[in-house]
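Step one of this worksheet: look at the structure below.
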Amino acid sequence: MADIKTNLIEELQWRGMLHDIMPGTEDQLNKEMTTAYVGFDPTADSLHIGHMVSVMLLRHLQKAGHKPLAIVGGATGMIGDPSFKAAERQLLDDDSIQKNIAGMKGQLEKFLDFDCGDNSAEILNNYDWFKEFSFIDFAREAGKHLTVNYMMSKESVKKRLADGSGISFTEFTYQLLQGWDFYHLYKEKNCRLQFGGSDQWGNIVTGTELIRRKAQGTAYAATCPLITKADGTKFGKTESGAVWLDPEKTSPYQFYQFWLNVGDDDAKKYIKIFTFIEKEEIDQLIAEHDEAPHTRILQKRLAEEVTRAVHGQKELDTAIAASNILFGKNVTDQLKSLDERTLLQVFEGVTQSEITKADLEGMAEIADLLSAGTDNQLFSSKGEAKRMIKGGGISINKAKLQGSELPKDLELLQDKYILAQKGKKNYCLIKVV
RNA sequence: GGGAAGGUUCCAGAGCGGUCAAAUGGGACGGACUGUAAAUCCGUUGCUUCGGCUUCGCAGGUUCGAAUCCUGCCCCUCCCA
């Protein structure tokens with residue numbers, strides 16, 4: 001049996017990852033290696049950083065010497081959790097759920113150790129035990145043990161009844177399904193604890209209740225707070241949508257940037273939640289940060305740690321290199337020295353366009369290159385480009401543009417690329433073919 | 001069905017026969033400052049071969065000339081039935 005290495009609850013507490021906990025949970029965890037699970041709703045074929053907290057919970061669990069189970073909700077995902085959702089959820093079709101489960105499973109495998117003896121992690125799909133479960137059986141085995149009164153007293157249900165929006169029988173059943181998961185895992189895997197976001201408390205407790213009544217057993221519950229931002233907006237969203245772990249959806253560079261741009265107060269909170277850095281070091285980092293907030297020690301470290309964990313050291317290096325070039329000053333030489341592969345990697349997330357050599361040579365003004373030459377991606381009209389040139393907002397190959405003529409000796413990066421830049425953050429990599 | 005008001009450039013909202021590509025505010029985008037932040041200040045905000053060209057719900061008309069006047073149509077808001 002694996003040793004219990006740390007007091008998990010204490011650890012989660014100082015990290016601000018504990019919201020609610022059922023009495024006795026801490027004793028159970030300190031007593032013996034405990035199997036615990038967290039559920040993942042297969043609403044997309046990739047995890048996003050909102051899921052990261054759950055992933056971190058599982059990792060902490062394993063690190064502390066306990067056995068983590070990640071349950072992908074193939075069955076529950078077909079129903080939809082009503083918790084804190086204003087309206088009835090759209091049901092996903094079977095094919096997309098299968099696809100989503102496969103995607104999420106692949107990502108979870110990167111974070112957990114599946115081969116470390118007793119406390120090896122496991123990933124399970126609750127569809128496996130629900131698919132053969134008939135409705136009659138479910139009604140007799142699960143439904144009999146809890147009253148509708150009990151189920152209706154849940155906050156998630158009450159809310160939907162109170163505001164008149166209503167709740168379908170399907171969604172009403174959800175908590176019972178999730179409760180059954182817990183019961184099933186209790187019986188089959190000796191799983192004693194369920195973790196989740198604080199919005200899951202009601203559902204989790206339904207599970208412990210079912211275990212108590214049906215199996216006369218004791219199971220535990222713990223939740224972590226929902227991650228918030230200091231300014232009240234939703235965590236994990238950028239202008240372009242959610243931040244995904246899938247590099248196809250959110251490039252490692254964008255991922256790194258997301259963390260780097262976190263606000264000061266949020267960074268203090270997030271570094272505890274999303275990294276494994278020890279308390280002493282974090283305290284020191286925070287102290288250093290407060291000393292010189294403009295150097296953004298916290299954000300850099302946070303972005304580094306999380307990007308490395310999700311995408312690996314190599315992608316992290318590229319993301320940092322890209323950030324330096326895109327936001328640094330006097331980096332023209334650095335830019336010119338990049339080989340083609342690195343160059344393309346750095347500008348992976350940047351809009352790109354192509355232009356023929358003949359067209360380029362036919363252009364007299366830079367404004368032509370910036371509008372038509374970028375397929376109007378950087379500027380939709382030549383006039384707009386001209387105004388911006390006049391206003392001093394244009395750089396070519398990271399060098400501020402002076403005149404408006406297209407220099408005959410314009411140097412092409414790697415003999416075929418031009419990096420056009422509007423302001424600080426808008427780029428277009430033009431390929432000359 | 002009767003009556004009133006109105007539809008303006010991304011939005012709000014002026015303009016009411018030439019000086020209107022159209023005030024002002026917001027937003028957006030740039031610049032300075034800064035921490036790839038916030039605040040602040042400044043600039044730009046229809047297209048252009050820089051001659052002009054196309055815009056003010058839609059279609060016609062009056063006029064040397066219309067976003068501005070007239071006619072019809074479409075749409076919206078309010079009041080009455």
Side-chain angles (χ1 to χ4, degrees), chain A residues 228-240 243 250-271 285-304 306-307 316-332 334-335 346-351 359-396 398-406 419-428:
Chain A
T228 55
K229 274 172 49 174
D231 63 9
T233 57
K234 206 164 188 275
F235 167 75
K237 293 268 198 261
T238 63
E239 308 82 52
S240 45
V243 179
T250 300
S251 74
Y253 162 72
Q254 291 168 320
F255 187 85
Y256 176 82
Q257 282 288 322
F258 169 81
W259 295 102
L260 196 65
N261 281 313
V262 157
D264 291 358
D265 292 340
D266 291 331
K268 290 175 192 174
K269 208 162 67 186
Y270 297 166
I271 199 158
L285 283 169
I286 290 178
E288 275 177 51
H289 182 271
D290 287 339
E291 199 69 32
H294 57 279
T295 54
R296 292 187 302 154
I297 292 170
L298 275 180
Q299 284 92 334
K300 280 181 187 159
R301 187 64 192 276
L302 174 67
E304 223 171 84
V306 183
T307 307
L316 169 65
D317 291 341
T318 310
I320 293 176
S323 299
N324 284 341
I325 286 173
L326 292 178
F327 294 103
K329 292 197 173 85
N330 306 319
V331 290
T332 308
Q334 212 175 328
L335 181 68
V346 165
F347 294 107
E348 197 201 339
V350 156
T351 55
D359 280 345
L360 177 65
E361 278 159 7
M363 283 174 181
E365 292 177 84
I366 297 229
D368 288 313
L369 180 67
L370 295 173
S371 51
T374 65
D375 301 328
N376 291 333
Q377 291 182 98
L378 210 53
F379 289 102
S380 53
S381 79
K382 190 178 165 184
E384 197 185 339
K386 282 173 102 167
R387 278 194 298 270
M388 192 59 73
I389 292 168
K390 213 167 157 189
I394 300 295
S395 295
I396 298 289
K398 289 302 289 184
K400 202 60 135 196
L401 198 63
Q402 301 302 336
S404 61
E405 299 295 301
L406 193 62
L419 181 66
Q421 177 183 7
K422 169 175 95 174
K424 278 186 195 125
K425 295 186 181 178
N426 302 291
Y427 292 90
C428 184

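All values below were derived from every heavy atom in this structure, side-chain atoms included, with hydrogens, water molecules and symmetry-related copies excluded. Only a predicted model underlies this, so the values are computations on that prediction, with no experimental measurement involved. The chains referred to below are lettered A, B, ... by the order of the sequence lines, with proteins before strands, and numbering in each begins at 1.
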Sorted by chain and number, sequence neighbours left out, salt bridge (Lys or Arg N to Asp or Glu O under 4.0 Å) with A/D368 holds for A/K382
Taking for A/D264 and for A/G423 the nucleotide of RNA chain B with the nearest heavy atom, the one nearer the 5' end belongs to A/G423
Rounded to whole Å, the CD-P distance (A/E291 to B/G35) equals 16 Å
ask   = With rounding to whole Å, what would you report as the distance between B/G57 and B/G25 at their C1' atoms?
value = 24 Å
### Message
If you compare every side-chain N and O of A/N426 against the phosphate oxygens of B/G30 (OP1, OP2), does one of them come in below 4.0 Å?
### Response
yes
chi for B/G51 classified (syn = within 90 degrees of 0, anti otherwise) as syn
Exercise for review: Tell whether A/K424 reaches the base of B/U34 with its side chain through a donor-acceptor pair below 3.5 angstrom.
Suggested key: yes
If pairing means Watson-Crick or G-U wobble with both distances under 3.5 Å, then the partner of B/A67 is none
From NZ of A/K300 across to C1' of B/A37 the rounded distance in Å is 13 Å
State whether A/R296 places a side-chain N or O below 4.0 Å from either non-bridging phosphate oxygen (OP1 or OP2) of B/A37.
no
Value for CG (A/L326) from CD (A/Q421), rounded to nearest 0.5 Å, stands at 8.0 Å
Rounding to 0.5 Å, atoms CZ (A/R387) and CD1 (A/I389) come to a distance of 11.0 Å
A correct 5'-to-3' footprint of nucleotides 39-46 of chain B, with B, S and - meaning base, sugar-phosphate only and no protein heavy atom under 4.0 Å, is -----SS-
Separation of B/G30 atom P from A/Q421 atom CD, nearest Å, is 10 Å
Paired to B/U24 by Watson-Crick or G-U wobble criteria (both distances under 3.5 Å) is B/A12
Using a heavy-atom cut-off of under 4.0 Å over every strand shown, decide if A/L260 touches base, sugar-phosphate, or nothing.
-> base
### Message
Looking only at side-chain N and O atoms, does A/K398 offer a donor or acceptor that is under 3.5 Å from a partner on A/Y427?
### Response
yes
Taking a pair to mean Watson-Crick or G-U wobble geometry with both distances below 3.5 Å, B/A4 pairs with B/U77
Whole-Å distance, A/I394 CD1 to B/G31 C1', equals 12 Å
B/U55 -> Watson-Crick or G-U wobble partner, both distances under 3.5 Å, gives none
Taken to the nearest whole Å, NZ/A/K400 to P/B/G30 is 10 Å
Separation between CG (A/L335) and CG (A/N324), nearest 0.5 Å, reads 12.5 Å
Comparing A/V262 with A/F379, nearest RNA chain B nucleotide closer to 5' gives the residue A/F379
To the nearest 0.5 Å, atom NZ of A/K229 lies from atom CG of A/D265 at 12.5 Å
note: A/D265, atom CG; B/A37, atom C1'; distance rounded to Å ~ 12 Å
Task: Sugar-phosphate, base or nothing in reach of A/K382, heavy atoms under 4.0 Å - done: sugar-phosphate
query: If the P atom of B/A21 is compared with that of B/C56, how far apart are they to the nearest Å?
result: 14 Å
Checklist entry - If you look at every strand shown and take non-hydrogen atoms under 4.0 Å, does A/T295 touch a base, only sugar-phosphate, or nothing? => result nothing
Could you give the distance separating B/G51 and B/G6 at their P atoms, to the nearest angstrom? 41 Å
A/E384 atom CD is separated from B/C50 atom P, nearest whole Å, by 20 Å
CZ of A/F258 to OH of A/Y253, rounded to nearest 0.5 Å, is 14.5 Å
Picking from B/U36, B/G35, B/C29, the nucleotide nearest the side-chain atoms of A/K422 would be B/C29
A/D266 atom CG is separated from B/A38 atom P, nearest whole Å, by 14 Å
(Q) Quick check: do A/Q377 and A/N426 have side-chain heavy atoms less than 4.5 Å from each other? (A) no
inquiry  = Roughly how many Å apart are B/A22 and B/C16, using the P atom of each and rounding to a whole number?
reply    = 16 Å
Separation between CD1 (A/I271) and CZ (A/R301), nearest 0.5 Å, reads 6.5 Å
- A/K425 side chain N/O closer than 4.0 Å to the phosphate oxygens (OP1, OP2) of B/A37? yes
Taking the same atom, C1', in B/C70 and in B/A23, what whole-Å distance lies between them? 28 Å
Mate of B/U40 across any strand shown (Watson-Crick or G-U wobble, both atom pairs under 3.5 Å) is B/A32
Inset, instruction - Please state the P separation for the pair B/A66 and B/G60 - nearest whole angstrom. - result: 14 Å
* **Span that lies between the C1' atom of B/C78 and that of B/C11, in whole angstrom** => 23 Å
